[in-house]
2 protein chains.
Amino acid sequence: MRLVISTCSAQYVGKLSAHLPEATRLLLVKADGSVSIHADDRAYKPLNWMSPPCSLNESKNESGEVLWTVTNKAGEQLIITLHEVHNDVSHELGVDPGLIKDGVESHLQELLAQHIDTFGPDWTLVRREFPTAIGPVDILCRDNKGATVAIEIKRRGDIDGVEQLTRYLELLNRDPLLKPVRGIFAAQEIKPQAKTLAQDRGIECLVIDYDALRGIADPSLRLF
Amino acid sequence: MRLVISTCSAQYVGKLSAHLPEATRLLLVKADGSVSIHADDRAYKPLNWMSPPCSLNESKNESGEVLWTVTNKAGEQLIITLHEVHNDVSHELGVDPGLIKDGVESHLQELLAQHIDTFGPDWTLVRREFPTAIGPVDILCRDNKGATVAIEIKRRGDIDGVEQLTRYLELLNRDPLLKPVRGIFAAQEIKPQAKTLAQDRGIECLVIDYDALRGIADPSLRLF
DNA sequence: TGATATATCTCGAGT
DNA sequence: ACTCGAGGTATATCA
């Protein structure tokens, strides 16, 4: 990893054209070949960058300034002019073991499929990722009266999710073996707009407590 | 901007829970308060981070190791244990003038409005950003037979764009002065899903060659 | 490889 | 403050 603090300007030509006026910034060159230009704001996002695989060529322009030309296979280019270099250090970091995550949509779906009685007593799972022509329904199940229920699961429930479930329901209700199929929209948090739209379409909303569900699934995973 | 090279481990508890085993990494602290943990790969994306506004508290644990506790208003926490610090430098960068872009959706819209005959000979523009109760329609025009056409423009055409156009068409067709109004979905790239949905709803799809269009609009801008 | 859904999306504009 | 849309989205999964 190479860290360069430099007063620079830059030009990107690729998926779009973009230009960066002269200012002092951090140039970050990683071992994977990526180059990114960071200002002192915008959180972790660089002003401009080139993703790997790409190659960095260092040269000088007619004014004697250092020129970095970063090119990828698609011919996209990031050209950086280093007007002045204030610092230039390199460090060997080695391979990183990476991040271990917990608490994403697939976990929610798994947990809810395993504990289908979250929705009501005596409910039964038909299958997870039930296939349809326009994509898989997260969970298809039957309620205690044997009626078919399609469940769409999101971490954050917004209007898109309701639209998606609506499309599935329309399709599923064309199948005489399944119909009538009703819908449940389940999420850790449901936006008011989404709730309104769902109600308007006769779709039930369910807010899920992920921690509680995880606690039921495996008490050893409780945080407290 | 503060750059620290350190052998560290970290824990994030917030929108999800995540853990980072011990390894040597770059810790990047920006003037906006953000903290990010970079490995020597994964392009510009950090392994873990905290977005501003947040506050960084530096302390020591019982083993005498440096502990960074980064907290935001929502109570999300990123806790970094610095087992060993290899380098620690700070630089004042000042405010950045930012990136100037070209080739985004608004340009496409401008170009297509100027060259409405891209859609057919003798078409006429009614107006760009035609206002409706649920938002502006990108382009409203009339075809060579005087029939009203609503055009939705995207750089990448996915299912959301078709939904959006569908809502506009429903609304516009309630206006006796305009109806019948048909729709065209125009994008540089149209996803198969979106194409299928559009066809199902009687919406025409049109793939646009941005460079060609720009070439027509201003030959001096041609790349070749 | 291509298509699809997710993301601690991020970021900016508009209300 | 919040919502909505766009992104050089990037990234992972699955066919």
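- One can place CG of A:L99 at 20 Å from P of D:dA10, the figure rounded to the nearest angstrom.
- Toward the 5′ end of DNA chain D lies the nearest nucleotide of B:K73, the other residue of the pair B:K73 and A:N72 mapping further downstream.
- Of the candidates C:dA3, D:dG8, C:dC11, the closest approach to any side-chain atom of B:P192 belongs to C:dA3.
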Can I get a per-line list of side-chain donor-acceptor pairs under 3.5 Å for residues 126-135 of chain B, giving both atom names and the distance, sequence neighbours left out?
from   : atom 1 : to     : atom 2 : distance (Å)
B:R128 : NH1    : B:Q109 : OE1    : 2.9
B:E129 : OE2    : B:Q109 : NE2    : 3.2
B:T132 : OG1    : B:I134 : N      : 3.2
B:T132 : OG1    : B:G135 : N      : 3.3
B:T132 : OG1    : B:G135 : O      : 2.5

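- Rounded to an integer number of Å, the gap from B:K191 NZ to C:dT6 P is 13 Å.
- Looking only at atom types and distance, the side chain of B:T24 has a donor-acceptor partner in the side chain of B:T7 under 3.5 Å away.
- OP1 or OP2 of D:dG8 lies within a sub-4.0 Å distance of a side-chain N or O belonging to B:K101.
- Closest approach to the A:K15 side chain among C:dT8, D:dA10, C:dT10 is made by D:dA10 (side chain taken as heavy atoms from C-beta onward).
- The side chain of A:K45 lies closest to C:dT10 when the candidates are C:dT10, C:dT4, D:dA10.
- Of the candidate nucleotides C:dT8, D:dA6, C:dC11, C:dC11 has the atom nearest to the side chain of A:A43.
- Pair assignment for C:dT8: none, as no Watson-Crick or G-U wobble contacts are both less than 3.5 Å.
- B:Q109 places its CD atom 10 Å from the P atom of D:dA6, with the value rounded to the nearest Å.
- Looking at heavy-atom distances under 4.0 Å, B:M50 makes no contact with the nucleic acid at all.
- Stacking between A:Y44 and the base of C:dT10 is absent under the criterion of ring centres within 5.5 Å and planes under 30 degrees.
- Checking A:L172, A:L125, A:V149 one by one against A:L140, the side chain to side chain contact (heavy atoms under 4.5 Å, CB included) holds for a single residue, A:L172.
- Closest to the A:W49 side chain, of the nucleotides C:dG12, D:dA10, C:dA5, is D:dA10.
- Atom NE2 of residue B:H38 and atom CG of residue B:L47 lie 8.5 Å apart, to the nearest 0.5 angstrom.
- Put simply, B:S51 has a side-chain N or O that comes within less than 4.0 Å of OP1 or OP2 on C:dT10.
- Put simply, CD on B:Q164 is 8 Å from C1' on D:dG5, counting in whole angstrom units.
- Taking atom P on both C:dA5 and D:dG8, the two are 22 Å apart, rounded to the nearest angstrom.
- One can place CD of B:Q188 at 9 Å from P of D:dG7, the figure rounded to the nearest angstrom.
- Using a 4.0 Å heavy-atom criterion, one finds that A:L47 contacts no nucleic acid atom at all.
- The side chain of A:Y12 sits closest to D:dG8 out of D:dG8, D:dG5, C:dT8.
- Side-chain atoms of A:S6 and A:H83 include no donor-acceptor pair closer than 3.5 Å.
- Taking atom C1' on both D:dC14 and C:dT8, the two are 24 Å apart, rounded to the nearest angstrom.
- In terms of heavy atoms, B:S34 sits closest to B:C54 at CA-SG, 4.3 Å.
- Of the candidates D:dG8, D:dG5, C:dT4, the closest approach to any side-chain atom of B:R167 belongs to D:dG5.
- The B:Q193 side chain lies nearest to C:dA5 when the options are C:dT10, C:dA5, D:dG5.
- Whole-Å rounding puts the B:L108 CG to D:dG8 C1' distance at 14 Å.
- When rounded to the nearest whole Å, the span between CG of B:D138 and C1' of D:dC4 equals 14 Å.
- If you measure from atom CG of A:L16 to atom P of D:dG8, you get 5 Å, rounded to the nearest angstrom.
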